[in-house]
Amino acid sequence: MSDTYTNIQLQSAKTAVSPLLLFSGVLALLLLISEVVWLPRMTRIEVGGVERSLPELEAYRMDLQARIMQAEDERDAFLLPVRDVSFLQAIAWKQAQEDLVSLEESLRRAATKLTDLAEMVFASIELRPADKQLVVKGDVRGVGPGSMTMLAQFLEEVKGLPNVASLTPPSFVRVDDPTIGFHSPFIFTVTLR
Amino acid sequence: MMIRQFLSASRATLFSLGCLLVVAMLVMSHARTIGGLRANVIPLSADIPALEQRLEVLFEQLKLTEMQQALRTSTPEERMRVYILPRELDLDRLVASVETLENALRATQNLRAMSRIEFLEAATLPSPVEGLQVHPFHVRLSVTKEGLVTLLRFIDLAGSLTISDTLSDKARERLLQASEAESPSSIVALEQFLRTDLLVYAKDAKSYAERLKQSFSSEQFLAILDGTLQSSLLPEFVELLQSDLGASIASRNLWPLPFLSISSIRVTQAESEWRDVELEVWTFTRTEE
């Protein structure tokens, strides 16, 4: 009895699976044909009068970009009157160096931003372009006992200049001179960008 | 028989499941392809014609510059190798250049004292540029602010030969891109302008400017060119070369000047308008042909 029941169940299962098998088999076949034949044809795009698939278009764009870079390099080389590599590098290296006059002007502008009373004396300015170092020696005068504060404010202004990467602060000292009154001599080093 | 039926039903089920798995994978592949198409087709359709056009312009410019090269006879490269970066240190020319600067500054009363020129030991100094050997020398001067500016501009100028040498790579690139928009053939006029000798240009800067305006029709290109030149070292170099110092350089046959560059400079405030300047300057020779 139980064998017959199981037999019937198996027969039913086999009958139920057959349409599913047929359907999934046909669907898989149709989708495979679509993937191989129909989709590549339908996804070809015409650009500039030529039909290409998406991967072909992307490869073509990369090829165009590479050829443009090569043509630019060749054209740029022709434009240079002197093509010697050492000469071009020497010129570029020199052009990248900071100009002392501009730096000094930036420092003076930073000083005059603070106050009219302050007298920022720049005793010496030393520039080492290759090391990108600027050493400034000077004195803050004419502001009375607040000379160290004025110096600190000046250093903040200098730190904020666009071509300044960092600043090594000086020692802060206030000296009372019988002739010039309170003053703060300083020497600090700036590292340029 | 039951087992056979069971196995048969199982196989059919498994095969159906396999087919459904394949169906799922193919549907995902379709979705990916169509999704990729939607995402990329518009940018690619826009990019490719523009790239093709740009390539065409570049090829045309390349053809024109190659033709110009074939017609060329003068050689800035040779002058550079002989005078600016020679194989051997040309002491005579170098000292004469510094002396010319000193004379010009004294004549305008912008210099009151100059020390001897002391050459320093060069053997161990690493060169910042491959293929070049450094030759440092030391000099001290007492100059006014104007004298200091002239001194620094002179050193900036020393080693430059053509208008191209006053421009940075970025500035040249900007001009090239503007010339593509102007017309491919404008590159010939641009190239001729850039290879103009600085001393020759300084003697007649106005007529060169007029010639440029005639070569380029677009106001936009002329504005870019003018802006690029004004922000370069060219105006300062022209001013120096048009001065008595420039005339001395020309009359003593010192053009182009040997390559000079500042290694270190210290400016100390002296009395009144005077400044004491301590300079270490580098000049270079070539180590390779």
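All chains are named by letter (A, B, ...) in the order of the sequence lines, taking the proteins before the strands, and each is independently numbered beginning at 1. All of these numbers come straight from a predicted model, not from anything done at the bench.
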Heavy-atom distance under 4.5 Å to chain A: side chain of [X], backbone, both or neither?
X	result
B:V267	both
B:S263	backbone
B:L167	backbone
B:S45	both
B:T166	backbone
B:D165	both
B:I84	side chain

Between [X] and chain B, with a heavy-atom cut-off of 4.5 Å, which part of the residue counts as in contact: side chain, backbone, both or neither?
X	result
A:S53	neither
A:E104	side chain
A:Q97	side chain
A:V101	both
A:L31	both
A:A123	backbone
A:D99	side chain
A:L32	both
A:I91	both

Contact leader toward chain B among [options], where contacts are heavy-atom pairs under 4.5 Å:
options	value
A:E74, A:Q95, A:K137, A:R128	A:Q95
A:I68, A:V121, A:L27, A:L54	A:I68
A:L88, A:V135, A:L64	A:L64

Hydrogens and angles aside, do B:S264 and A:E126 bring a side-chain donor and acceptor to less than 3.5 Å of each other?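 On atom types as modelled, these side chains do not qualify, holding no pair under 3.5 Å.
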Give a yes-or-no answer on whether the side chains of B:R286 and A:S86 include a donor-acceptor pair shorter than 3.5 Å.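 Absent: no donor and acceptor within the cut-off.
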I'd like to know which of B:D156, B:L176, B:L37, B:T268 tops the heavy-atom pair count under 4.5 Å against chain A.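 Going by pairs under 4.5 Å, I would pick B:L176.
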Do you know which of B:K145, B:E280, B:R275 has the most heavy-atom pairs under 4.5 Å to chain A?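 Option with the top pair count is B:R275.
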Stepwise side chain to side chain contact (heavy atoms under 4.5 Å, CB included) check, B:Q177 with B:E173: CA-CA 6 Å; B:Q177 284 176 359; B:E173 187 55 42; 3.4 Å; yes
Do the rings of A:F154 and A:F122 sit parallel, tilted or perpendicular, given the 30° and 60° boundaries?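 Correct class here is tilted.
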Tell me if the CD atom of A:E46 is crowded by more than 12 foreign heavy atoms within 6.0 Å.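 Enclosed: over 12 neighbouring heavy atoms sit under 6.0 Å from CD of A:E46.
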A:P162 and A:R193: which non-hydrogen atoms are nearest, and at how many Å?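 Result for this residue pair: O-NE, 2.9 Å.
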